[in-house]
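Every chain is numbered from 1, with letters handed out A, B, ... down the list of sequences.
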Amino acid sequence: MSTQKIWRERIGRYRLIGQKCKGCGKVLFPKRLICPECGGRDFDEEQMPDVGKIVTYTTVYVGPKFLELDTPYIIAVIEFNNGVRVTTQVVDVDPKEVSTGKEVKLVYRKLQAEGKTGVIAYGYKAQLV
Amino acid sequence: MREVGIIGAGLTRFKEHWDSSLRDLFVEAALKAIDDAETPEIDSMYVGCMSSGLFVGQEHIGPLLADYLGLKNVPTVRVESACASGALALRLGFMEIASGMSDIVLVSGVEKMTDCDDPTSALAAAADIENEAFFGATFPALYALIARAHMDRYGTTREQLAAVSVKNHKNGAKNPDAQFQREVSLETVLNSFMVADPLTLLQCSPITDGAAAIILVPLDMVKKMKDRVVKITGSGVASDTIALHSRKDITSLEAVRLAGERAYKMAGRKPEDIDVCEVHDCFSIAELIVVEELGFVEKGNSGRFIEEGNTEIGGRIPVNTSGGLKAKGHPVGASGIAQVIEIYKQLIGNAEERQVKNARIGMAQNMGGTGASSVVHIMEVAE
């Protein structure tokens, strides 16, 4: 992890800003240089909604080192109504309450910290609505 | 294109090799292949390795391994496509001989995983680091997301998932090179520690050290030197989105389907022609979906297909006779080569207790990440 990388990713992770292809209208998040649908290179910025629904999910009992103290935690694929999907954690919930199709709202949370006193990376996680 | 044959193969036992380094493992496997081929000359060398950098802190392993194998000044290429690195190295060696550029090529794979104190994070680098792993998605978690979606859509059950591990451990118990040479019951698989729901520990391939190597030559050369001749007749590769969530259908592995179609087309074969198959069962759900994508059973029906015994030795299409990644072990860069070695053994009639009767056409399917890359090879006994 590096400070400049966290800074560079702020537009997507902090503000949920993606883009819409001027050619085919495909909405993309995070931003890319080329539309994977039509090959277009011209885009308008597009604000992602902060609500979506759970496409699939899992409760993780063995995590990477940076999440060792957070297990068990829930990872889910969330779909917005514009078709965009993201992978993130569902937080503040009993795993038994989570199921496919449930609505969630994205919230601003700490994702990782570099070492004991290093830079903290923030981003989006999801809560059940 | 020249026809390409296998003239030698060798592998280390797959296990936790506390007393062997990355270079030790590679040299052991490569020497076995060279001795088996009865040819000390090597024109060029490919080595598949996912992450010597993250696992042991060493890059630039092409020349390093050639140096330690005593191959002075040989051209060498390290190939990386996560867990599909091994089969991709084989593909490149196949192309080099088919093109006429070289006559004797060593293709290999190696991974030394147990020197690393956080292999889960190292493996996560095969996913989209920024958009999946950074949020806490581990590999078992990503395959669990696929498993849940497959269960939701097709009614696949936990028991059907667990049946994959039971079958692969049964085969692994007959493989002296396997990491786990013991059978497990359905109850043991289902009641083992939950890693990422619905995947229990015994549905996840292990952390393994190991290496595997094959010597490829023009087919005519094999015919002069070996009684039982095996040629590579099909080679297919495909890629897909790096992030699982970007795929239109989370229950499909499109790169596997396309790599399979390309290999079938090159070989002029279809799924019904395959006598034995090694597939990339990094997690139980992977084997289920792969047998669907390779055309052995229609989409959504793999759970029942495996539960009914169709993929056992003696069944309609024996899958993972070696024990698969689950029981044989999964030193990621070496797995793709080891799969091809199992098919080679089956085709030369050297698979001992695991032998599939009258096996003449075999297939090996290797996969990187959550299916962002896949490599499929078809091999046949040559007349």
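Only the backbone of B/Ala133 has a heavy atom closer than 4.5 Å to any heavy atom of chain A. For A/Pro30, the part lying near chain B is the side chain, with the backbone staying farther off; criterion is any non-hydrogen pair under 4.5 Å. If you measure heavy-atom distances from B/Asn131 to chain A, the contacts under 4.5 Å come from both the backbone and the side chain. Interface residue B/Arg247: only backbone heavy atoms are found under 4.5 Å from chain A. In this structure, chain B has a heavy atom under 4.5 Å from the side chain of A/Phe66, while its backbone stays farther away. Contact annotation for A/Glu79: neither backbone nor side-chain heavy atoms come within less than 4.5 Å of a heavy atom of chain B.
Among A/Leu67, A/Ile75, A/Val60, A/Thr58, the one residue that satisfies the side-chain contact (heavy atoms from CB on, under 4.5 Å) test with B/Thr138 is A/Val60.
Distance alone, capped at 3.5 Å, is enough to place a donor-acceptor pair between the A/Tyr73 side chain and the B/Gly136 backbone.
Under a 4.0 Å N-O distance rule, the pair A/Arg13/B/Glu130 qualifies as a salt bridge.
Separating the OG1 atom in A/Thr88 from the NE2 atom in B/His245 is a distance of 10.5 Å, to the nearest 0.5 Å. Separation of atoms CD (A/Gln89) and CZ (B/Phe135) is listed at 9.5 Å; rounding is to 0.5 Å.
Contact tally against chain B (heavy-atom pairs below 4.5 Å) for A/Val84, A/Val62, A/Asp70: the top residue is A/Val62.
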